[in-house]
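Only this structure's heavy atoms are used, side chains among them; waters, hydrogens and symmetry mates stay out. Remember, it's a predicted structure, so these values are computed and weren't measured experimentally. So that the names make sense, note that chain A is the first sequence line, chain B the second, and so on, each numbered from 1.
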Amino acid sequence: MIAKRIIPCLDVKEGKVVKGTNFVGLRELGDPVAMASNYSKAGADEIIFLDISATNEGRQTMVDIVKQTAEQVFVPFTVGGGVKTIEDVNRLLKAGADKVGMNSAAVQNPQLITESSDRFGAQCTVVAVDAKRVGDKWHVMTHGGSKDTGIDAIEWVKEAEKRGAGEILLTSVDTDGVKDGFDIALTEAVVNSVRIPVIASGGVGKPEHFPEVFKKTDVSAGLAASIFHENTFTVQQVKDVCRQQGVNIREA
Amino acid sequence: MIAIVDYGMGNVASVKTAFLRLGYEVEITDSVERLEQASHIILPGVGSFQAAVEEINQRNLAEPLRKLAQQKPFLGICLGMQLLFEKGYENGISDGLGLIPGDVNVIETEYILPHIGWNQLQIENNNQAFQVFQDKHVYFVHTFQARTEQNYLVATSDYGTTVPAIVQNGHVYGMQFHPEKSGEVGVDLLKVFMEQTTSVRGLEA
């Protein structure tokens, strides 16, 4: 059977990994290529880079980082953040990224999903969705989770699938940074609405949160950032807890 | 020298990196002359079967590749493995290289598609050298699969149906997953392929 994936996410700003929870007082944690390489050696099933650079120089630096990562990391890696056009997708894939994540730009221009999927394939077209609970629904948020588009998140993931997305990277704006576990209700609702893999993100505070989401939903992968940084927990610790609880994971 | 066939289907840099890591000389090329000088031919590929066939035909590579596969070790990876078969049914019917009997059609499973992620290898006992990879996880990304006879199967994977993972016909091999993205296990698999085939015709790089 296919294994549940454990994915560390690295927030990269102007070429450096930064602590991504608080946009105020960002702290540099290190070199993205070295950190990605270490995570892959430690058993990460995949790596995600989220580029939060504010400048064009930062974006260009990201392309160089992707090139170096492709030479040193032997697990798949995805790059997202600031992807606006089909040319951005092309540039990152050419540099060696296995998949490209698109978020706000896909909401503003859903044709971007279609174009990416038609030209490069569903397997590398990841649609990132930031969702926030509003009443008994979830709305799609853009601009780092700050702007409510009013779009129903469930309808949006269905459209993303229809347009050729190969995967959904689902972040709960409500649980992100809270460290109290994944947003089970949202994850379940999205997983049950599409027939493509979903990666759950937002809310991990300890290794036990991974087996929780894997047992309560059919999600394909779980993503975390802060618990892996500064060596709070290792990927291996997360995998050990998953294994103890009967979750099918990859032995690295 | 190992030659990776460059025919415009997906990024091949990581395949090259994996062989470089094993200490081999590698070249990415679409030149028949260079392919003829290589000890091993690697056919990678990401995308659709039909688009790949068109790219190969545009470069007049189909016949040279068939001929080379008779002469030297040949490894198809992902879509490159699917192209080893006789026919593909993705976006209409098209002819593959016909190096292994069988065809390529959509995975019939109740599970979600594409088949993305780390799945375990089930060794099919046709090639002793691959025994050590029993239950090892490798990284798959695909929606279509090969349909072939049992005696060409080196390894399969369970995805609600039996998915051929490693196939072999003489010194023609195929890997449906991405060895270059399968961590240490993937690099070890490429190493075994090289060890298994370097003795073919006494070829030396």
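- Counting only heavy atoms from C-beta outward, the side chains of S182(B) and F74(A) never approach each other to under 4.5 Å.
- Taken from NZ in K41(A) to CD in E184(B), the straight-line distance is 8.5 Å, to the nearest 0.5 Å.
- Taken to the nearest 0.5 Å, the CZ atom of R250(A) stands 12.5 Å off from the CG atom of N119(B).
- Residues H178(B) and D98(A) fail the side-chain proximity criterion, which asks for heavy atoms closer than 4.5 Å.
- Counted within 6.0 Å of CD on Q58(B), heavy atoms from surrounding residues, nucleotides or ligands total more than 12; the atom is thus considered enclosed.
- With a 4.5 angstrom heavy-atom cutoff, E251(A) touches chain B only via backbone atoms.
- Proximity to chain B is limited to the backbone of K94(A), based on heavy atoms less than 4.5 angstrom apart.
- No other option in A3(A), A70(A), A221(A), P76(A) has as many heavy-atom pairs under 4.5 Å with chain B as P76(A).
- Between the OH atom in Y111(B) and the CD1 atom in I2(A) there is a gap of 10.0 Å [rounded to 0.5 Å].
- The environment of CD in E87(A) is crowded: more than 12 heavy-atom neighbours from other residues, nucleotides or ligands sit within 6.0 Å.
- For chain B, the option among D218(A), V73(A), I196(A) with the highest count of heavy-atom pairs below 4.5 Å is I196(A).
- Looking only at side-chain heavy atoms (C-beta outward), W118(B) and K4(A) stay at 4.5 Å or farther from each other.
- With a 4.5 angstrom heavy-atom cutoff, I116(B) touches chain A via backbone and side-chain atoms both.
- The greatest number of non-hydrogen atom pairs below 4.5 Å with chain A, out of T17(B), L20(B), D135(B), V12(B), is found for T17(B).
- Only the side chain of V46(B) comes within less than 4.5 Å of a heavy atom in chain A; its backbone stays farther off.
- Residues E167(A) and V141(B) fail the side-chain proximity criterion, which asks for heavy atoms closer than 4.5 Å.
- In terms of non-hydrogen atom pairs under 4.5 Å with chain A, the most contact-rich of G186(B), S14(B), G183(B) is G183(B).
- Taking CD of E71(A) as the start and CZ of R21(B) as the end, the distance is 12.5 Å to the nearest 0.5 Å.
- Around atom CD of Q131(B), more than 12 heavy atoms belonging to other residues, nucleotides or ligands sit under 6.0 Å away.
- Looking at E180(B), the atoms closer than 4.5 Å to chain A (heavy atoms on both sides) all sit in the backbone: N, CA, C or O.
- The closest side-chain heavy-atom distance from I112(B) to P197(A) is below 4.5 Å.
- Proximity of H137(B) to N248(A): side-chain heavy atoms (C-beta onward) are separated by under 4.5 Å at one or more points.
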